[in-house]
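Working notes for the structure below.
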Amino acid sequence: MLGISTYLKDLDIQYLEEAAKIGAKYVFTSLHIPEEDFSDLNEKLPLLLKTCKENGLLLVPDVSPVTFEKLGIVSGDMAALKKLGIQAVRLDYGFDDVRQLVEWQQDFHLFLNASIVSSAFLDSAEEAGLDLTKIQLAHNFYPKQDTGLSEASFIKDNRKFQERHLNILGFVPGDRLKRFPLYQGLPTLEKHRDVHPFVAAVELSYSMGVHNILIGDSLAELSTLKMIHKYLAEKVMTIPVLLSKEYHELYNTTFDVRKDIPERVIRLATPRIPDIPIRKTLARRKGMITMENGLGGRYSGEINLCKRDLQFSASTNCIGFVHPEFVDVLQWIDRTTKIVFVPLDAL
């Protein structure tokens, strides 16, 4: 499922409401980072909780022992958090007593820190009575450049969670407003810091075992949220492209993919059209959208997307290009994926 993040300093109620309409289910925030402004906490936190409740959003605050001091309540008083209206907590650090987790699970949706939790800890928690089927493993995000997780370690950690059939949550950066104070993006993986959130979300979901994708930064474009939600909910991949004028009717049409997936191209399951004229035959570059012309014989009219650079083919017309930011998603298209081409100005 899709989620977003908000922070008291950047709280945007309209953004939360619009994200909920799109299909977001989670709102992450932090109640302990030192850079956050808690001076108007008594006004903003109730407003945030009220907005989430009215829009069917589950607020997931990141808490640590510092949280209680920030909120002006007794250290470790989880009952006070519940009284505020908080229904879920993401336990960042400082909560190692498994007996407490069992107790807190009676009152909260628990999200454990996936980036540091060990198999031994999960074994101990389960033995103590924690219902692992009702928790989520939520990875960290990393505000400072070069500090995000490596792909290899991330996959290794997720594998042990997948073996237990646990739900995994990961973060991708925003593309509208990065979060203070560094404004360097808030991804879980370092490799995702400078890529489009949709591309990062597809990779996390398709090949890394992540069930819930949250925007870590303060704001994302609504078009981006729609793209991520549509993929997570329906396996529909929205791809911004530039099509030749005579093929604009292909915009905003949902295409199936052939069940047999080639190594080099994506073949769309579209009707073939005999005797397509020969025009604009070029060296086929990664991300190019092509249509077979009459020289292709019975393949005339077939539409392909190039997954890599390919040699020139006289039987292949170039009819468009995938936006460079989105070319990488082609590697994660399989036989169950549906594709929608959207014009670049839809972003």
Side-chain angles (χ1 to χ4, degrees), residues 1-63 67 70-71 81 84-90 92 109 111 138-144 169-188 192-201 212-233 238 345-347:
M1 288 190 288
L2 170 66
I4 59 173
S5 297
T6 192
Y7 305 94
L8 299 182
K9 182 177 178 180
D10 291 334
L11 182 59
D12 186 327
I13 298 301
Q14 183 178 357
Y15 175 62
L16 270 62
E17 293 172 341
E18 291 174 334
K21 291 176 183 176
I22 289 169
K25 297 299 181 184
Y26 299 105
V27 175
F28 176 84
T29 193
S30 176
L31 292 179
H32 67 88
I33 57 172
E35 299 88 358
E36 181 63 281
D37 179 9
F38 289 97
S39 62
D40 52 1
L41 178 72
N42 292 336
E43 296 177 10
K44 285 190 173 180
L45 184 56
L47 176 60
L48 174 56
L49 286 163
K50 178 176 179 288
T51 301
C52 288
K53 183 177 181 180
E54 291 176 347
N55 289 275
L57 296 164
L58 179 64
L59 181 66
V60 184
D62 202 32
V63 301
T67 297
K70 296 281 188 181
L71 298 181
L81 293 183
L84 288 173
I86 294 172
Q87 298 178 330
V89 288
R90 196 265 187 174
D92 189 22
H109 299 283
F111 292 70
H139 281 278
N140 285 334
F141 54 48
Y142 296 89
K144 184 170 173 32
L169 183 152
F171 290 92
V172 298
D175 58 348
R176 183 173 159 199
L177 175 64
K178 308 296 188 186
R179 198 197 71 178
F180 58 89
L182 300 179
Y183 300 95
Q184 294 178 6
L186 293 175
T188 292
H192 288 159
R193 191 174 300 277
D194 58 355
V195 305
H196 193 277
F198 175 66
V199 177
N212 297 309
I213 309 286
L214 272 66
I215 303 293
D217 283 302
S218 300
L219 294 173
E221 297 291 347
L222 298 183
S223 59
T224 297
L225 297 182
K226 291 176 183 177
M227 291 167 69
I228 296 175
H229 174 66
K230 199 165 187 64
Y231 180 77
L232 295 177
T238 306
D345 58 11
L347 295 178

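Below, each value reflects all heavy atoms present in this structure, side chains not excepted, and no hydrogens, waters or symmetry copies. These numbers were taken from a predicted model, which means no experiment stands behind them.
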Decide yes or no on side-chain contact (heavy atoms from CB on, under 4.5 Å) for L347 and E221, but give the supporting numbers first. CA-CA 8 Å; L347 295 178; E221 297 291 347; over 6 Å; no
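- The minimum heavy-atom distance between P61 and A88, with the atom names listed, is CD-O, 2.9 Å.
- Between M1 and Y26, the shortest heavy-atom contact is CE-OH, 3.4 Å.
- A distance of 14.5 Å separates CD1 of I213 from CD1 of I4, quoted to the nearest 0.5 Å.
- For the pair I215 and I228, the minimum side-chain heavy-atom distance is below 4.5 Å.
- Just one of T6, D175, D10, L177 meets the side-chain contact (heavy atoms from CB on, under 4.5 Å) condition when paired with L219; it is L177.
- Under a 3.5 Å cut-off, the side chain of S5 and the backbone N or O of S218 do not form any donor-acceptor pair.
- L8 pairs with exactly one of L47, L41, D37 by the side-chain contact (heavy atoms from CB on, under 4.5 Å) rule, that one being L41.
- Within 6.0 Å of NZ on K230 lie no more than 12 heavy atoms contributed by other residues, nucleotides or ligands.
- A 6.0 Å sphere centred on NZ of K25 holds no more than 12 heavy atoms belonging to other residues, nucleotides or ligands.
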What do the steps show when you test L16 against L48 for side-chain contact (heavy atoms from CB on, under 4.5 Å), and what is the final call? CA-CA 9 Å; L16 270 62; L48 174 56; 3.5 Å; yes
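- Nearest heavy atoms, V172 versus A200: CG1-CB, 3.5 Å.
- Taking NE2 of H109 as the reference point, atom CD of Q87 lies at 6.0 Å (rounded to 0.5 Å).
- With rounding to the nearest 0.5 angstrom, the CE atom of M227 is 12.5 Å from the CG atom of L2.
- Of the inter-residue distances, the one linking D92 atom CG with I33 atom CD1 reads 10.5 Å to the nearest 0.5 angstrom.
- Here D217 does not pair with R179 in a salt bridge; the nearest charged N to carboxylate O distance is not below 4.0 Å.
- Taken from NE2 in H229 to CD1 in I22, the straight-line distance is 9.0 Å, to the nearest 0.5 Å.
- Considering V27, L57, L59 as possible partners of L49, the one that fulfils the side-chain contact (heavy atoms from CB on, under 4.5 Å) test is L59.
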If you apply the rule side-chain contact (heavy atoms from CB on, under 4.5 Å), what do you find for E36 with F180, and how did you get there? CA-CA 9 Å; E36 181 63 281; F180 58 89; 3.7 Å; yes
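- Between F111 and F28, the ring center distance fails the sub-6.0 Å criterion.
- Although no hydrogens or angles enter the test, the distance criterion places no donor-acceptor pair under 3.5 Å between the side chain of K21 and the main chain of E17.
- Looking at T67, its side chain does come within 3.5 Å of a backbone N or O of L31 through a donor-acceptor pair.
- H139 and F171 get closest at one heavy-atom pair: O-CE1, 3.2 Å.
- Here the closest heavy-atom approach between residue Y15 and residue R176 is recorded as CD1-NH1, 4.0 Å.
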Pair K226, T238 - check side-chain contact (heavy atoms from CB on, under 4.5 Å), show working. CA-CA 9 Å; K226 291 176 183 177; T238 306; over 6 Å; no
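- Note that OH of Y7 and OG1 of T29 are 6.5 Å apart. Values are rounded to the nearest 0.5 Å.
- Summarising the geometry of P173 relative to H192, their closest heavy-atom pair is CG-O, 3.2 Å, with the distance given to 0.1 Å.
- In this structure, the side chains of L71 and L84 come closer than 4.5 Å at one or more pairs of heavy atoms.
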